Amino acid sequence: MNRQATLIIFHLSIMPLENLFGSKGRLVLSALLVCAVILELAYCQEEAQQQKINPGRKPKPSITKLGRSTNKSPRAVTVKPKIKTTPAAPAQTFLTQVLNRGKFKKVVDSISVQSGDTLELRCRGKPVQWSVPKYLEEDDEGRLSMVQQERYGVLTLVNTTGADTGEFSCYPMYCEDTDCRKEYDKAVKVFVFFPDPQELFVPSADYYEAIQLRTNWPTLLPCQVTSPQAKVTLHREFPPVEVAVDGTEISFNVKRGFTIHRPRPHHAGALFCVASLGNLRQSSTKYMLIYVNYPMAPPAPVIQASSSSVTAGENLRVSCSVVGEQDVAVEFTWDYPGQQIGRPLYTQDSISPVGGGAARQQSQSVLLVDEVRDVDQGTYTCTAQNLQGAKSVSTTVKVVPKRNKNHKN
Ligand SMILES: *[C@@H]1O[C@H](CO)[C@@H](O)[C@H](O)[C@H]1NC(C)=O
């Protein structure tokens, strides 16, 4: 499963490649070693009556992604409270980690929990709502539980694996009667690494992932390590070289992966990450970077008829033109009065460079109407579309009857 599915999968046509290599990311369930790690997201040490909240089912669109699939319904991460509460005094939120119950240690934005161990998070609030990595949201295999106690919520994840690595957040809820909303400003987030002795990268079900590189749009190569200690480098498959990561053009974040900040055509190709820790060295999923000339904005078409008033029998030309970035395709579609009587569409499309230094071009579509008839009178609409969007423009044309012979003398 592509658990960091934040990127758009482009050409499906390369999918058959997978058959050549085989796939299936392996999920290694590490030996069970229950050493409870408790994070207290705020002060909430009071032992309270256990009050199991029945998590409601969250509707989910069918998952069509490759990889680990399941028929099981996802476990909801929503705790819908029925308790009437009074707003709590503004809480100072911070994190503490407990290795043994009763022994707390303050933590910062990320922690590591050995895979196989149990993660236990506590968050002060009555009630609280949790969010978990997407992968767990879709299928936790019964390993995740969320319980609301009187003063705090508890999230427990057992039999953890490197694949659980990601952000866990808690949102205290503000309730009036049964109406509750998240208090976003009081949200507490922690990034949890689950170092796995066998898997330096969070496993992916796919052998490769196709990623669109859009002109000047930051692109993420989501090779996520399971251990913050892993040393991660970026590599190009052909020619086989290590890609320089200067922190400006390309940067690395241990919680996300590599970001190419302003993609250019030379960034395209097959790339992968390599992680090393101790004497272990592993490669990530391969990323097929496909460069796309991506426009900065939707097109701004201009429409013009050869004449706004045409005599029946004469020819009409309606032109629609867009000036935009070079190598950015613009597609034109037309709506015209003659459509109703089945007049075929006849257009002449062209692209021509625009002078003046900047790499710009004019795309044009000219609609030709031969021997205009009454039915050709009306509104002509041109729609220009590029990858950023579409815009329509219209003009109206009047058809004037032909003067008959009697008037001609
Ligand atoms: C956790 O792992 C143990 C040992 O493999 C197993 O018996 C138990 O059912 C697992 N628990 C869950 C909730 O998956």
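Positions are given from 1 along the sequence. As the structure lists them, so they are numbered: ligands from 1, and atoms in each ligand from 1. None of the values given here were measured: they were computed from a predicted structure.
At a threshold of 4.0 Å, the pair Asp109-Lys255 counts as salt-bridged, since one of the basic side-chain nitrogens sits closer than that to a carboxylate oxygen. A salt bridge is defined here as a Lys NZ or Arg NE, NH1 or NH2 lying under 4.0 Å from an Asp or Glu carboxylate O, and Glu237 with Lys286 meets this definition.
Near Arg143, meaning under 4.0 Å from one of its heavy atoms, ligand 1 places the atoms 14 (O). Heavy-atom proximity to Gly142, at under 4.0 Å, picks out these atoms of ligand 1: 13 (C).
Every residue meeting the salt bridge (Lys or Arg N to Asp or Glu O under 4.0 Å) condition with Arg343, not counting sequence neighbours, appears here in chain and number order: Asp376.
Taking the centre of each ring, Trp130 and Phe168 stay at or above the 6.0 Å mark.
Between the choices Leu144, Thr160, Val158, Asn159, the shortest heavy-atom distance to atom 3 (C) of ligand 1 belongs to Asn159.
The shortest N or O to N or O distance between Glu141 and ligand 1 is not below 3.5 Å.
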